[in-house]
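Heads up, the thing below is written out as structure tokens.
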Amino acid sequence: MSKDLEKLTIEQIRNELESAYIYLGIAAAMEAMSFVGIAEWMRRQAKEEVEHGMKFYDYLVSRGVKIELLPIVQVSTDYKSPLNAFEVALNHERKVTGLIHKMYDLAVSLKDYESQNMLNWFVTEQIEEESQTQHFVDRLKFAGDNACAILRIDREAGKGKDS
Ligand code: FEO
């Protein structure tokens, strides 16, 4: 594996675990506001992000790369509303998609077929991650200040629904 792609993959372990931390920060904020369903949804996302980080970790192990674990920054636990929280999550997912695409571009230019194969899973996953987060942003915008509508979205989020 090229040193440049090794470096990006090591950084991506950190980025995915940082994503988990961001979702956990949002969960904490939602819990404080008693949006227990959205908090549950965010907790599930946090767990998924840890799994994503472990996929990159396992991949580096399988390629015989020496792994470094980079520091993770402190994240916010202050969000003013569910809409604000989902907007932050969506922007973050878009950023992650850009990082995955950057890795993919490098893997293509290096003719690293193994890495391209591994990254294909993430390219597909990011479509789902962005789509389900966008869906909540759209619905919460539509709900506006309607407390009943927001509480319904909260309840559905807790059941694992995104529509
Ligand atoms: Fe691991 Fe939400 O991207």
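Keep in mind that this is a model prediction, so the values were computed, not measured. We count ligands from 1, going down the list as the structure has it; atoms in each ligand are counted the same way. Along the sequence shown, residues carry numbers from 1.
Taking the N/O/S atoms of Glu49 in turn, the shortest distance to atom 2 (Fe) of ligand 1 belongs to OE2. When atom 2 (Fe) of ligand 1 is compared with the N/O/S atoms of Glu129, atom OE1 turns out nearest. Atom 1 (Fe) of ligand 1 lies closest to atom OE1 when only the N/O/S atoms of Glu16 are considered. Nearest N/O/S atom of His52 with respect to atom 1 (Fe) of ligand 1 is recorded as ND1.
A side-chain donor from one of Glu49 and His52 sits under 3.5 Å from a side-chain acceptor of the other.
Salt bridge Lys47/Glu51: absent, no basic N to carboxylate O contact under 4.0 Å.
Atom CZ of Arg63 has more than 12 heavy atoms from other residues, nucleotides or ligands within 6.0 Å.
A side-chain donor-acceptor contact under 3.5 Å links Gln116 to the backbone of Ala107.
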